[in-house]
Amino acid sequence: MSILTRHPRAKGTVMVLGGDGFCGWPTALHLSNLGYEVVIVDNLSRRKIDVELGAESLTPIATMEARLAAWKEVSGKTIRFVDLTLGEDFHEFVELLSEVQPEAIVHFAEQRAAPYSMKGARQKRYTVSNNLCATHDVLCAMVEAGVDSHLVHLGTMGVYGYGTAGLTIPEGYLPITVQTANGPQDLEVLYPANPGSVYHMTKTQDQLFFFYYNKNNAIRITDLHQGIVWGTQTPETARHEALINRFDYDGDYGTVLNRFLMQAAIGYPLTVHGSGGQTRAFIHIRDTVRCIEIAIANPPKKGDRVMILNQMTQTHRLIDLAEKISEMTGVPYEHVRNPRVEAAENELVVSNEQFLALGLNPTKLEDGLMEEVQTIAKRFAHRCDKSKIPCVSTWRRDEPQPVETTEPPLAATA
Ligand code: USQ
């Protein structure tokens, strides 16, 4: 397994692909604040999907121009913005890479919502072509431009599925023993992929792109398997109204903990899908940006295999979260029909030793930050469109009733 060490490095240039999104924007500010030159590459697709869905961030988000001007005003630092579609504008991206020669490229430029990816054929096809073409073009362009950048990718805990056979989910690689004619042999393989949506499936495919380009072209890659992000603000996004981060609460893009907190803030019964026995991994947005900082500061060496880290800090059962927030606020929860095909209950134990060893000090639910998120939710409650709260994207078009599966302990090997 990889042993990570801290290498103090001069601050270079970092490209943030997808730097207008929920994780990308606070990451761009955090890295700029640390002294990196930051170049955001984004085609503003997340804002366009808001228009398509008739939904909006609960927090009012400023235009990219206003965001960058506000950052310049409070920090004195300039972030460059390039409007470019990864997966389509290949030659422009190769030219940009050749010009900028970034030390690191942080790749968030993918459609990231599982429910949106299951909404219909168009959204499934868009998610596959957008995510896979973007990731492949980034790798292919790095080879074409001849840059030796460290690629840091935002993957997901969902590549593993959520059934563990009592195992602690390792950081990407599973040690196995196979029987051969010469007796038992020990191997390490990628933990078997077990995607739960078209979106998650694209991230499992990304892993193979990384495996291949790392093997063939010795590209240095860190793949971060992130849990469900909660929270809104980071110290940087809180510095000016125009820097505020987005807060999604709608049925397609809102993630569960932020949805519960926002629902509690407006007195809307918390929407627990099915029994609420689903256990998931979580991380606060402040820890997301810190993990990216740590990953950039600790690149793999040339020739190392893809470094995989689990970017999460706690696991929780959804029903426990709902009960906790309900107790805290007096707003009840409701068991609603689960629109997804997923196990009604699962255990989840995840290893995150590498980030802890590198100095991550996790933000926990107990740290009082839930109240901070609720404050944001209360402050902007007047912007909430309640008709956008229910989760209406279903996993199977022909299933009017909840569909529950049993998580296989491990998926069939790929
Ligand atoms: N859920 C509810 N009530 C709700 C919304 C969701 O009970 O109102 C349940 C879902 O059925 C599911 C769980 O909460 O069991 C998580 O759903 P989610 O929408 O919070 O998260 P998910 O679809 O898994 O996707 C999110 C991000 C994605 C990221 C992933 C990490 O959108 O980009 O990759 O979390 S992970 O879940 O660890 O795979």
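Note that ligands are numbered from 1 as they come in the structure, with each ligand's atoms numbered from 1 the same way. All heavy atoms count here, side chains included; hydrogens, waters and symmetry mates do not.
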Provide the full list of ring-ring contact (aromatic ring centres under 6.0 Å, His included) pairs with a residue in residues 240-262, sequence neighbours left out, each pair given once.
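Counting only pairs at least two positions apart or across chains, the ring-ring contact (aromatic ring centres under 6.0 Å, His included) contacts touching residues 240-262 are Tyr116-Tyr253.
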Kindly identify the option in [options] whose heavy atom sits closest to [atom].
| atom | options | value |
| --- | --- | --- |
| atom 12 (C) of ligand 1 | Gln263, Glu342, Gln226 | Glu342 |
| atom 33 (O) of ligand 1 | Arg112, Arg280, Gln111 | Arg112 |
| atom 1 (N) of ligand 1 | His273, Met118, Glu110 | His273 |
| atom 18 (P) of ligand 1 | Arg340, Arg259, Met312 | Arg340 |
| atom 3 (N) of ligand 1 | Leu257, Ile228, Ile319, Thr271 | Thr271 |
| atom 20 (O) of ligand 1 | Asp252, Ile283, Ile389, Val256 | Val256 |

In ligand 1, which numbered atoms sit nearer than 4.0 Å to a non-hydrogen atom of [X]?
| X | result |
| --- | --- |
| Tyr199 | 28 (C), 29 (C), 33 (O), 34 (O) |
| Ala114 | 23 (O) |
| His200 | 24 (O), 39 (O) |
| Gly227 | 31 (C), 38 (O) |

Of Ile285, Ile283, Asp287, the residue whose pairing with Thr363 passes side chain to side chain contact (heavy atoms under 4.5 Å, CB included):
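Among Ile285, Ile283, Asp287, the one meeting side chain to side chain contact (heavy atoms under 4.5 Å, CB included) with Thr363 is Asp287.
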Minimum side-chain heavy-atom gap Gln314-Pro362 below 4.5 Å
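SC-SC contact between Gln314 and Pro362 ruled out.
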Is it the side chain (CB and beyond), the backbone, both or neither of Leu318 that lies under 4.0 Å from ligand 1, heavy atoms counted?
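The answer is the side chain of Leu318.
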Is the contact between Tyr162 and ligand 1 made by the side chain, the backbone, both, or neither, using heavy atoms and a 4.0 Å cut-off?
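For Tyr162, only side-chain atoms sit under 4.0 Å from ligand 1.
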Identify, for atom 30 (C) of ligand 1, the protein heavy atom at the shortest distance, and state residue, atom and that distance.
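Answer for atom 30 (C) of ligand 1: Thr156 OG1, 3.8 Å.
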To the nearest 0.1 Å, how far is atom 38 (O) of ligand 1 from its closest protein heavy atom, and which atom is that?
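The closest one turns out to be Met157 CB, 3.2 Å.
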Are the side chain of [X] and the backbone N or O of [Y] linked by a donor-acceptor pair below 3.5 Å?
| X | Y | value |
| --- | --- | --- |
| Asn43 | Ser45 | yes |
| Thr279 | Arg317 | no |
| Asn130 | Tyr126 | no |

Tell me whether the centres of the aromatic rings in Tyr333 and His335 are closer together than 6.0 Å.
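Yes - the distance between ring centres of Tyr333 and His335 falls below the 6.0 Å cut-off.
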contact_flag His225 ligand 1 heavy-atom lt 4.0 Å
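So His225 does not count as touching ligand 1.
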Any chance the side chains of Thr271 and Gln263 put a donor and an acceptor closer than 3.5 Å?
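Indeed, the side chains of Thr271 and Gln263 share at least one donor-acceptor pair under 3.5 Å.
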Please work out which of the three classes, parallel, tilted or perpendicular, describes the rings of His107 and His153, given edges at 30° and 60°.
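His153 and His107: tilted rings.
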Over 60° means perpendicular and under 30° means parallel, so classify the ring planes of Phe282 and His316, tilted if in between.
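Judged by the thresholds at 30° and 60°, the geometry between His316 and Phe282 is tilted.
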Taking N or O atoms only and a 3.5 Å limit, does Thr255 qualify as a polar contact for ligand 1?
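Not met; the criterion fails.
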Backbone or side chain, does any N or O of Gly158 fall under 3.5 Å from an N or O of ligand 1?
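Checking ligand 1 against Gly158, an N or O pair does fall under 3.5 Å apart.
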Give me the atom names and distance for the closest heavy-atom approach of Arg280 to Asn346.
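Reported closest heavy-atom pair: NH1-OD1, 3.3 Å.
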